[in-house]
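Single-structure report; data block below.
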Amino acid sequence: MTDRSGAAVGYRPGRTLRLAVELRRQFARRRTLGVGALMVALPLLLIAALELGAGEDAGENDRINLVDVATASGLNFTLFVLFATTGFFLVVVYALFFGDTVASEAQWGALRYTLATPVPRMRLLRQKWLAALVLSVGALLTLTAVSVLAGSLAFGFGPIETPVGVTLSQGEGFVRLAGMLGYLAVHLLVVGTLAFWFSTITDAPLAAVGGAVFTMFVFAILDQVEQLGSLRDWFPTAEEFAWTDLLQTPVQDGDLFRGVVQSLVYAAVFTALGFRHFARRDVTS
């Protein structure tokens, strides 16, 4: 039985593939469980590495960086973990969750059956984008929470001691840590949405994930070429570590603001390209 539009009676496009349903499906996947386990294990491995390298002969370093104060407190350790994972590990995590979401189902042959349920194409893609965002931010928060807890047990629950000798109270430290996480969550959307776009183009999840990660690494390498001058300011990796400016007193927010705006622009463009391509795609797998 159908209504005047030809749709079955009771059919509501907005009630198909609810976000909670998509999240349950994604949470149950082994890659999600594997990433979650890595997010818990990595801080513990880094604590072990710092403890083993705490001897007098361990690394005399002429540079002042977050590694030098990593064992000052649990918050300091958390900042070190974020610093160590920003350039590679978190990039891969975001690319994995966003790049695997469409391409994997196309590879399995499940995508066309989901669309035949019927779920509107744009709603399907929107739910998958939102689910990937929730999983990616959840992984970032898990890494941070485990780092704070494990770091505090190992090194004490104290204030933040910056590499230049400035001390931030615990309360202020948590506020600034929240700002850092917010910045990272936005900045990493660049690689995530790039992988999402690639995921709508190919049926190979590895190609989508690897292509996005490889692209970001190429820009990171080019960013080291000083001869490129101000052109480097427009690279998607340009303000990758701008969140460390939140350790300054007073906070220098110029690069932070530029990084957020630039990341949102890149994310919007890549997302739009993904939706545009998927709307025209002949889904036969």
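- By the 4.5 Å heavy-atom criterion applied to side chains, Asp233 and Gln262 are not counted as neighbours.
- Taking a 6.0 Å sphere around CG of Leu206, one finds it holds 12 or fewer heavy atoms contributed by other residues, nucleotides or ligands.
- Here the shortest heavy-atom pairing between Ala95 and Val209 reads O-CG2, 3.5 Å.
- A donor-acceptor pair under 3.5 Å is formed between the side chain of Thr200 and the backbone N or O of Trp197.
- Looking only at side-chain heavy atoms (C-beta outward), Phe155 and Ser73 stay at 4.5 Å or farther from each other.
- Contact between Gln127 and Glu22 at its shortest, heavy atoms only, is O-CG, 4.0 Å.
- Applying the side-chain contact (heavy atoms from CB on, under 4.5 Å) criterion to Val218, with sequence neighbours excluded, gives Phe214, Leu222.
- Counting only distance, with no hydrogens or angles, the side chain of Asn76 and the backbone of Thr71 share no donor-acceptor pair below 3.5 Å.
- Residues Asp245 and Asp253 fail the side-chain proximity criterion, which asks for heavy atoms closer than 4.5 Å.
- The two residues Ala139 and Met39 come nearest to each other via the heavy atoms O-SD, 3.5 Å.
- The side-chain contact (heavy atoms from CB on, under 4.5 Å) search around Leu231 returns Leu228, Phe235, not counting sequence neighbours.
- Looking at heavy atoms from C-beta onward, Thr215 lies in side-chain contact with Phe198 at the 4.5 angstrom threshold.
- In terms of hydrophobic clustering, with Ile, Leu, Val, Met, Phe, Trp and Tyr side chains grouped at heavy-atom distances under 4.5 Å, Val137 and Val260 are assigned to a common cluster.
- Counting heavy atoms from C-beta outward, Phe98 and Trp129 have side chains that approach closer than 4.5 Å.
- For the pair Thr237/Phe217, no side-chain contact is recorded, criterion being any heavy-atom separation below 4.5 Å from C-beta on.
- The closest side-chain donor-acceptor pair between Gln224 and Arg232, if any, does not fall under 3.5 angstrom.
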(request) Take Phe80 and Val69 through the side-chain contact (heavy atoms from CB on, under 4.5 Å) test and state the conclusion after the steps. (result) CA-CA 8 Å; Phe80 164 65; Val69 291; over 6 Å; no

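- Side-chain contact between Trp243 and Phe83 is present, with heavy atoms from C-beta onward closer than 4.5 Å.
- Judged by distance alone, with hydrogens and angles left aside, the side-chain atoms of Ser199 form no donor-acceptor pair with the main-chain N or O of Ala195 at under 3.5 Å.
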Sequence neighbours excluded and cut-off under 3.5 Å, please list the side-chain donor-acceptor pairs for residues 166-194, or say none.
{"residue": "Ser169", "atom": "OG", "partner": "Glu172", "partner atom": "N", "Å": "3.3"}
{"residue": "Gln170", "atom": "NE2", "partner": "Phe157", "partner atom": "O", "Å": "2.9"}
{"residue": "Glu172", "atom": "OE2", "partner": "Arg176", "partner atom": "NE", "Å": "3.2"}
{"residue": "Glu172", "atom": "OE2", "partner": "Arg176", "partner atom": "NH2", "Å": "2.6"}
{"residue": "Arg176", "atom": "NH1", "partner": "Leu246", "partner atom": "O", "Å": "2.7"}
{"residue": "Arg176", "atom": "NH1", "partner": "Gln248", "partner atom": "O", "Å": "2.7"}
{"residue": "Tyr183", "atom": "OH", "partner": "Glu239", "partner atom": "O", "Å": "2.6"}
{"residue": "His187", "atom": "ND1", "partner": "Ser263", "partner atom": "OG", "Å": "3.3"}
{"residue": "Thr193", "atom": "OG1", "partner": "Leu189", "partner atom": "O", "Å": "2.6"}
{"residue": "Thr193", "atom": "OG1", "partner": "Val190", "partner atom": "O", "Å": "3.2"}

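- The shortest side-chain heavy-atom distance between Phe77 and Leu50 falls under the 4.5 Å cut-off.
- Linking ILVMFWY residues whenever their side-chain heavy atoms come closer than 4.5 Å, directly or via other members, leaves Val93 and Leu33 in distinct clusters.
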